[in-house]
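This report concerns only the one structure given below.
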Amino acid sequence: MPISRYDFGGLIFTVTRDFSRLERNFCKVAGMYQGQPRILTILKSNEGVTLSELSPLCNIGLPSLSVSLRNLQKSGLIRKEGTGKNQKLYLTEQGHQCAMTFHQEIDAFFTRYLTQLGSQQAELFSSTLHSFDQFICAFNEEYELEHGWKKD
């Protein structure tokens with residue numbers, strides 16, 4: 001029996017909620033709070049960036065990102081070098097370890113799930129998720145333009 005559009009919406013909310021709970025558990029194992037792994041992951045690939053460069057990469061506003069970075073620094077996961085607006089951000093060894101632990105947990109979860117699916121279903125799952133994500137992004141662009149929240 002095909003899924004109705006109302007059931008599909010509920011399923012998406014349920015998956016989002018359940019994955020968020022799983023992410024919180026992975027964060028606990030890694031010694032971090034939710035949201036911190038994203039910052040550390042992006043920072044790992046872009047070490048030496050400034051706060052204003054990191055903000056759009058993380059899609060987090062400057063005030064919220066500043067608070068998160070202050071907490072990460074207090075926890076010993078990042079370090080800052082320089083002064084003022086030219087201050088550069090780097091992961092500490094502990095930050096690298098926490099990010100690695102988090103990613104190992106995520107990787108183990110997906111490996112277990114994809115192995116359970118088998119290779120053909122895993123490819124289909126991946127392809128469908130990519131397609132769905134692209135649709136969401138395109139729809140959001142149109143929606144924001146339509147409502148005047150974003151300019152061409």
Side-chain angles (χ1 to χ4, degrees), residues 8-117 119 121-145 147 149-151:
F8 187 75
L11 177 61
I12 293 297
F13 289 130
T14 299
V15 167
T16 303
R17 182 201 65 217
D18 292 345
F19 192 80
S20 182
R21 181 174 165 219
L22 183 64
E23 180 188 10
R24 280 193 307 275
N25 288 333
F26 292 160
C27 286
K28 286 178 192 176
V29 167
M32 293 186 277
Y33 295 104
Q34 200 165 5
Q36 290 181 332
R38 175 172 48 151
I39 295 169
L40 295 184
T41 299
I42 292 169
L43 190 55
K44 186 175 190 231
S45 302
N46 299 278
E47 287 203 90
V49 296
T50 64
L51 175 67
S52 59
E53 292 168 333
L54 184 60
S55 177
L57 295 172
C58 293
N59 198 25
I60 301 173
L62 287 172
S64 296
L65 184 58
S66 292
V67 170
S68 293
L69 291 173
R70 198 170 321 124
N71 290 332
L72 287 166
Q73 188 175 17
K74 284 179 186 176
S75 299
L77 303 179
I78 67 163
R79 71 178 195 286
K80 298 176 179 178
E81 292 181 6
T83 57
K85 293 186 180 201
N86 294 324
Q87 201 169 47
K88 307 281 185 188
L89 304 166
Y90 299 91
L91 290 181
T92 63
E93 185 56 39
Q94 183 182 356
H96 279 282
Q97 287 298 333
C98 285
M100 180 65 76
T101 299
F102 178 83
H103 286 283
Q104 286 170 340
E105 294 295 317
I106 289 280
D107 187 56
F109 166 76
F110 280 110
T111 297
R112 183 172 171 180
Y113 180 68
L114 296 175
T115 299
Q116 176 184 315
L117 286 180
S119 62
Q121 281 188 312
E123 269 188 55
L124 180 60
F125 175 73
S126 177
S127 174
T128 301
L129 275 182
H130 282 291
S131 175
F132 187 53
D133 184 54
Q134 288 171 345
F135 179 80
I136 290 171
C137 290
F139 188 90
N140 251 334
E141 290 289 321
E142 292 174 22
Y143 198 79
E144 290 172 356
L145 283 170
H147 286 83
W149 301 327
K150 189 173 187 173
K151 307 291 184 233

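Residue indices begin at 1 and follow the sequence shown.
Between Ala30 and Thr101 the shortest heavy-atom distance is CA-CG2, 3.9 Å. Summarising the geometry of Leu77 relative to Cys98, their closest heavy-atom pair is CD2-SG, 3.6 Å, with the distance given to 0.1 Å. Taking both residues in full, the closest heavy atoms of Leu40 and Met32 are given as CD1-SD, 3.3 Å, listed atom of the first, atom of the second, then distance. Residues Thr115 and Thr111 come closest through the heavy atom pair OG1-O, 2.6 Å. A pairwise comparison of heavy atoms in Val49 and Asn46 identifies CG1-O, 2.8 Å as the closest pair. Considering all non-hydrogen atoms of both residues, Gly76 and Gln94 come closest at O-OE1, 3.5 Å.
A donor-acceptor pair under 3.5 Å is absent between the side-chain atoms of Ser126 and the main chain of Ala122, judged by distance alone. Thr50 places no side-chain N or O within 3.5 Å of a backbone atom of Lys88 that could act as its donor or acceptor partner.
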Task: Test side chain to side chain contact (heavy atoms under 4.5 Å, CB included) applied to Thr41 and His103, step by step - done: CA-CA 9 Å; Thr41 299; His103 286 283; 2.6 Å; yes
Task: Stepwise side chain to side chain contact (heavy atoms under 4.5 Å, CB included) check, Tyr33 with Cys27 - done: CA-CA 6 Å; Tyr33 295 104; Cys27 286; 6.0 Å; no
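Enclosure of atom CG in Asn59 is not indicated, since only 12 or fewer non-hydrogen atoms of other residues, nucleotides or ligands lie within 6.0 angstrom. Counting non-hydrogen atoms of other residues, nucleotides and ligands closer than 6.0 Å to CD of Glu123 gives a total of 12 or fewer. Within a 6.0 Å radius of NE2 in His130, other residues, nucleotides and ligands contribute 12 heavy atoms or fewer. Within 6.0 Å of NZ on Lys80 lie more than 12 heavy atoms contributed by other residues, nucleotides or ligands.
Ring pair Phe109/Tyr113 is parallel by interplanar angle, where below 30° counts as parallel and above 60° as perpendicular. Phe19 and Phe110 have tilted rings, their planes meeting at an angle from 30° to 60° on a 0 to 90° scale.
Going from atom CG of Leu65 over to atom CG of Leu54 covers 5.0 Å, rounded to the nearest 0.5 Å. Here Thr128 contributes atom OG1 and Gln121 contributes atom CD; the two are 10.5 Å apart, rounded to the nearest 0.5 Å. Interatomic distance, CZ of Arg70 versus OG of Ser66, reported as 6.5 Å (0.5 Å rounding). Between Met100 atom CE and Leu91 atom CG the span is 11.0 Å, to the nearest 0.5 Å. Atom-to-atom distance recorded for Ile60:CD1 and Leu69:CG is 8.0 Å, nearest 0.5 angstrom.
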